[in-house]
K.L.:
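Have a look at the structure that comes next, please.
In the text below, chain A, chain B and the rest are named by the order of the sequence lines, each starting its count at 1. Small disclaimer: the values here were computed from a predicted structure and weren't measured.
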There are 2 protein chains.
Amino acid sequence: MTQQDARRTVGYQLKRVQAALRAAMDGALRVHGLTTPQYACLELLGQQPRLSNAELARGAFVSRQSMNVVLRNLEEAGLVERPSTAPSGRALPTRLTAEGERVLEAARADVLAIEARLTARLDPEQTRILLAQLEDMAESLSQ
Amino acid sequence: MTQQDARRTVGYQLKRVQAALRAAMDGALRVHGLTTPQYACLELLGQQPRLSNAELARGAFVSRQSMNVVLRNLEEAGLVERPSTAPSGRALPTRLTAEGERVLEAARADVLAIEARLTARLDPEQTRILLAQLEDMAESLSQ
DNA sequence: GACCATATGTCAGAATTCTGACATGACGCA
DNA sequence: TGCGTCATGTCAGAATTCTGACATATGGTC
């Protein structure tokens with residue numbers, strides 16, 4: 001039996017970093033009246049308007065049902081808007097409102113500060129390598 | 001505004017990898033009748049017997065209340081055991097049962113295979129560096 | 001000894017997220 | 001045209017996890 005320390009595995013440390021990141025983001029976003037999943041949704045829409053609920057769910061790694069809840073709350077808060085009828089198929093293309101763009105931009109500054117803190121001890125080259133490694137790891141598991 | 005792709009951030013890719021890892025672990029552990037949080041609990045106990053509920057919660061990055069639910073299910077399944085009265089203070093030191101050790105050992109093999117898949121494209125030296133970087137990142141956020 | 005801060009286990013309730021299921025619309029193919 | 005497959009939005013219900021609160025036990029401090 002190898003009996004290696006489970007805390008010294010990539011899997012465990014990934015979980016640890018993600019927990020710390022989530023906590024940091026929740027704290028920073030509370031000021032803006034947003035939760036982390038809500039921010040993820042706004043960020044995706046900021047870069048790709050007209051995404052459907054299902055596409056947003058895949059982008060944020062949650063179920064369609066969960067994203068639907070997020071989307072309804074954002075809609076109720078006036079940060080996003082969806083047409084009442086689908087222009088094609090069943091997908092409802094979602095867009096940020098002007099208010100949504102303002103909130104996103106304000107929140108993004110704080111989130112980028114956290115991202116900077118996250119990679120504070122890495123130089124740009126190391127960060128680039130890390131990013132590529134993470135992408136490789138996700139693909140290695142998916143297939 | 002930088003307007004960089006949010007998907008090309010360390011934070012986003014961390015979330016992505018962790019989602020893939022969680023899915024892979026859930027699938028592998030289902031065969032053993034375990035969930036990922038339950039496995040995390042067993043693994044911690046396997047290396048440090050007599051951990052209390054609160055210590056296990058911190059080790060698995062969940063609340064005390066959540067870990068308590070996990071612990072009760074494991075107790076009901078006969079994989080762990082706790083004294084009914086605290087030997088000191090209020091903490092109840094938990095231990096694996098013989099059955100718990102058997103299940104853990106069987107499950108660990110599958111989880112280690114996933115860990116191997118995760119780091120498949122990294123040589124031992126790169127893995128060591130990655131591990132250190134992840135630990136640094138968690139600390140950078142915590143303080 | 002008295003008091004206060006801290007840590008633990010636990011109850012109660014809410015929030016979040018999930019799985020299962022179903023109806024609907026688009027598309028490919030016989 | 002008709003049919004099967006797939007994706008989407010949504011409803012219903014359960015599972016999971018969280019926050020808030022409280023009683024209890026320990027240890028330090030006066």
K.L.:
Can you list every ring-ring contact (aromatic ring centres under 6.0 Å, His included) pair that touches residues 47-102 of chain B, not counting sequence neighbours?
P.N.:
A/Y12-B/F61
K.L.:
With no hydrogens and no angle check, do the side chains of B/Q18 and A/R22 hold a donor and an acceptor under 3.5 Å apart?
P.N.:
no
K.L.:
Supply the atom-to-atom distance B/L74 CG to B/L45 CG, rounded to the nearest 0.5 angstrom.
P.N.:
8.5 Å
K.L.:
Which of residues 58-78 of chain A have a heavy atom under 4.0 Å from DNA chain C?
P.N.:
A/V62, A/S63, A/R64, A/Q65, A/S66
K.L.:
Can you list the other members of the hydrophobic cluster that holds B/V31, where links are side-chain heavy atoms under 4.5 angstrom apart?
P.N.:
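Reading the cluster by chain and number, B/V31 sits alone, since nothing else belongs.
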K.L.:
Mark yes or no for whether A/T119, through its side chain, and A/L122, through its backbone, hold a donor-acceptor pair below 3.5 Å.
P.N.:
no
K.L.:
Could you list the protein-to-nucleotides 24-29 of chain C atom pairs, N/O on both sides, closer than 3.5 Å?
P.N.:
from: C/dA26; atom 1: OP1; to: A/G89; atom 2: N; distance (Å): 3.4

K.L.:
Quick one: on DNA chain C, does B/R82 or A/T35 contact a more 5' nucleotide (nearest heavy atom)?
P.N.:
B/R82
K.L.:
Using atom types as modelled and distance alone, determine if a side-chain donor or acceptor of B/Q47 lies under 3.5 Å from a backbone N or O of A/A6.
P.N.:
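Indeed, once roles are kept as given, a pair shorter than 3.5 Å links the two residues.
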K.L.:
Picking from B/V69, B/V70, B/N68, what satisfies side-chain contact (heavy atoms from CB on, under 4.5 Å) with B/R72?
P.N.:
B/N68
K.L.:
Can you pull the contact range of chain A along DNA chain D, 5' to 3', using atoms under 4.0 angstrom from its heavy atoms?
P.N.:
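For DNA chain D, the relevant span reads D/dT8 to D/dC11.
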K.L.:
Sequence neighbours left out, what passes side-chain hydrogen bond (donor to acceptor under 3.5 Å, both in side chains) with B/R58? Give chain and number order.
P.N.:
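Expected list: none.
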K.L.:
Mark yes or no for whether A/S52, through its side chain, and A/E55, through its backbone, hold a donor-acceptor pair below 3.5 Å.
P.N.:
yes
K.L.:
What's the separation between atom CD1 in A/I114 and atom OG in B/S140, rounded to the nearest 0.5 Å?
P.N.:
12.5 Å
